[in-house]
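This report refers to the structure that appears directly beneath it.
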Amino acid sequence: MKILVINAGSSSLKYQLIDMDTEKMMAKGICDRIGTEESFIKYQKAGESAKKTPRAIPNHVQAFRLVTQALVDPKKGVISDLSEISAVGHRVVQGGAIFDHSVLVTDEVIRQIQSLIPLAPLHNKPEADAILACREVFGKKMPQCVVFDTSFHATMPEKAYLYAIPYEYYEKYKIRRYGFHGTSHRYVSGKAIELLGKKAEDTRIVTCHLGNGSSISAVKGGKIIDTSMGFTPLEGVIMGSRCGAVDPAIIPFLMEKEGIPVSEMGSWMNKKCGFLGVSGVSSDMREITAAIGKGNDRARLAYDILCYQIKKYIGSYTAAMGGLDCIVFTAGIGENTPRLREDSLSDMEFFGIKVDKAKNNEKNPCLISADDSRVKVFVIPTNEELVIACDTDEIVSSL
Ligand code: ADP
């Protein structure tokens, strides 16, 4: 069975075709800058380099058309006919309190995803549009499934997801912690449980997904009990250009002092803060570490803030879970920045955490804790697309 995995944004459509027999990517790419003069498609066949071609892509329907053409292209394609694709799996960011697991797309499911647009306007709208565009290109008979970023977090208890604001706003607007990157936390915690060789019920794991957006979760007995992102993906640790958790009083204070209107504040918190805002250098960890190498103190500060916050989350989640067996690092920063893994776990021997520096600096590290570290520390490359494909496979196979 071959499954097409889609991650749609307002001006982009990422795609990946996965062969479920091998669980390997056959081809992947992105249609980007959709709706602009600079639109293009990037296509990469497994084992080959990516090729970017400028193409007119006015909307997601055209993006799907280009993706299907690329996949069946006689020279560069990976399948001979679209009928080889058994199903399409979509990433949807916000499943709200409605979806606690992945589902088959129906008209009702599309309506429900649309009903959650007020909670995640930048995500759920283009994702619902992409499902409709996919239907137009593949026809209604093609099974489509949706996998939600929030659903792995559905097991959080009320005390972890409720904010201390009047309860009526939780009831009226569904304001609560939802958590994001759920497919990643689910994938890497599942792999960690396998590596630990224990029963899921007997494990207490902190998963650190550190990318452009970052979130840290407490996974007890295989289930999420708390996570750092909240009502939106802004809360939690410092990110590339997102502020993470700040004293809420800072926001109206700044709006008043700087004359920033409500309409711009969201974009300010998402795009002007984080590493970028603190360092003044970049939102990208590679550039932050390069600047640190050149003695830039504010880049160092941005880096130190992240390491310190990771340490604090590990401490608080260890307390919340009543102990700790394992820490996992994943995503762009977590997988590729050994120094940051070492620095965030420094001076934690009293917690039973000790990093083996040599293992941590290996090219493809996995277990990076010392032999005498009570807590195991793993680097596990995340694979959100595979989770989406596996869920889609399971749903479609049960039809
Ligand atoms: P997203 O959240 O957009 O999926 P990623 O998981 O790809 O992002 O993470 C992007 C972050 O990972 C950036 O800060 C980038 O600098 C960092 N990163 C990616 N590759 C490396 C690398 N080889 N070394 C250091 N940092 C890296």
Side-chain angles (χ1 to χ4, degrees), residues 5-16 25 28-30 32 42 44 50 91-93 120 122-123 126-127 147 149-150 179-188 207-217 227-229 232-244 270-294 296 298-307 309-310 328-344 360-365 368 379-388:
V5 175
I6 297 294
N7 182 354
S10 57
S11 62
S12 67
L13 188 104
K14 283 191 200 150
Y15 62 93
Q16 190 167 129
M25 180 271 289
K28 67 175 182 179
I30 183 170
D32 212 350
K42 208 188 234 180
Q44 182 178 15
R91 173 199 184 202
V92 172
V93 165
L122 298 179
H123 294 103
E127 286 154 2
V147 178
D149 263 23
T150 47
F180 298 89
H181 296 135
T183 45
S184 178
H185 290 290
R186 185 175 133 203
Y187 178 77
V188 299
T207 47
C208 306
H209 177 110
L210 310 171
N212 281 319
S214 298
S215 63
I216 302 183
S217 293
T227 191
S228 62
M229 281 183 168
T232 72
L234 255 183
E235 203 188 337
V237 295
I238 180 174
M239 300 176 224
S241 59
R242 293 179 221 163
C243 55
N270 276 291
K271 300 203 170 126
K272 299 263 192 278
C273 299
F275 300 151
L276 177 66
V278 174
S279 70
V281 172
S282 169
S283 62
D284 192 295
M285 182 51 90
R286 283 167 287 206
E287 290 180 31
I288 295 288
T289 41
I292 294 172
K294 289 183 193 142
N296 186 311
R298 274 175 45 197
R300 172 97 230 167
L301 183 57
Y303 171 92
D304 285 346
I305 291 173
L306 178 60
C307 294
Q309 292 181 341
I310 293 169
V328 181
F329 286 92
T330 193
I333 297 173
E335 292 167 29
N336 296 297
T337 322
R339 187 64 206 262
L340 177 128
R341 298 190 294 258
E342 188 185 323
D343 289 340
S344 27
N360 185 38
N361 282 292
E362 278 170 12
K363 194 149 178 272
N364 291 307
I368 61 163
V379 179
I380 301 178
T382 194
N383 195 341
E384 291 163 282
E385 290 79 12
L386 183 60
V387 175
I388 296 171

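Computed from a predicted structure; not experimentally measured. Heavy-atom basis, side chains included; hydrogens, waters and symmetry copies ignored. Just so you know, ligand 1 is whichever comes first in the structure, and atom 1 is the first atom listed for that ligand.
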Problem set entry | Spacing of Leu276 atom CG and Ser282 atom OG [to the nearest 0.5 Å] |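 Separation between the atoms: 7.0 Å.
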
Next item on the list: Measure the spacing between CE of Met25 and CG of Leu386 and express it to the nearest 0.5 Å.
Entry: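 Result: 12.0 Å between the selected atoms.
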
With sequence neighbours left out, the residues meeting side chain to side chain donor-acceptor pair (under 3.5 Å) with Tyr15 are none

**Prompt:** Is any side-chain heavy atom of Leu340 less than 4.5 Å from a side-chain heavy atom of Leu210?
**Reply:**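 Side-chain contact under 4.5 Å: yes.
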
- If we only count heavy atoms from C-beta on, is the Tyr187 to Thr330 side-chain gap below 4.5 Å? no

Tell me, which residues have any heavy atom less than 4.0 Å from some atom of ligand 1?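 Residues near ligand 1: Gly211, Asn212, Gly213, Asp284, Met285, Arg286, Ala331, Gly332, Ile333, Asn336, Thr337.
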
*Passing candidate, side chain to side chain donor-acceptor pair (under 3.5 Å) with Ser215, options Glu235, His209, His181*: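 Considering Glu235, His209, His181, a side chain to side chain donor-acceptor pair (under 3.5 Å) with Ser215 is found only for His181.
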
